[in-house]
Amino acid sequence: MIDEKPWYQSKTIWGGIVALGSAAAGIWGVKVDAASGDALVLALTSAATAVGAVLAIIGRVTADTAIRKG
């Protein structure tokens with residue numbers, strides 16, 4: 001793999017988390033169908049990306065070092 005991204009932007013990671021959560025929910029009698037699981041993966045991925053963006057902005061605003069131009 002050449003491209004890199006943070007773990008929280010990975011649909012595979014979130015899919016695994018949702019699958020694990022769905023399995024755990026099934027133990028307690030809560031049914032999660034495939035369509036709901038897919039929608040949940042998309043929502044979690046989008047939310048994680050948004051949180052990452054906010055953290056990046058906060059990090060830049062609170063940084064002690066200036067950004068160098070070229």
Side-chain angles (χ1 to χ4, degrees):
M1 290 185 178
I2 295 173
D3 295 334
E4 293 183 10
K5 62 184 171 186
W7 69 269
Y8 56 82
Q9 290 182 344
S10 170
K11 290 182 182 171
T12 303
I13 296 294
W14 286 109
I17 291 169
V18 169
L20 182 61
S22 296
I27 292 172
W28 289 287
V30 177
K31 303 290 183 198
V32 179
D33 63 359
S36 296
D38 290 344
L40 186 55
V41 167
L42 181 60
L44 289 172
T45 304
S46 297
T49 301
V51 168
V54 169
L55 291 175
I57 292 168
I58 290 171
R60 182 65 259 164
V61 169
T62 60
D64 295 331
T65 308
I67 296 175
R68 181 178 38 178
K69 296 180 184 178

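- The cluster map of Ile, Leu, Val, Met, Phe, Trp and Tyr, joined by side-chain heavy atoms under 4.5 Å apart, puts W7 and L40 in the same cluster.
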Side-chain donor-acceptor distances from residues 16-27 under 3.5 Å, at least two apart:
residue	atom	partner	partner atom	Å
S22	OG	V18	O	2.9

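- Applying the side-chain hydrogen bond (donor to acceptor under 3.5 Å, both in side chains) definition to pairs two or more places apart or across chains, those involving residues 34-44 are D33-S36.
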Report, one line per pair, each donor and acceptor closer than 3.5 Å where one atom sits in a side chain of residues 42-50; sequence neighbours left out.
residue	atom	partner	partner atom	Å
T45	OG1	V41	O	2.7
S46	OG	L42	O	3.0
T49	OG1	T45	O	2.9

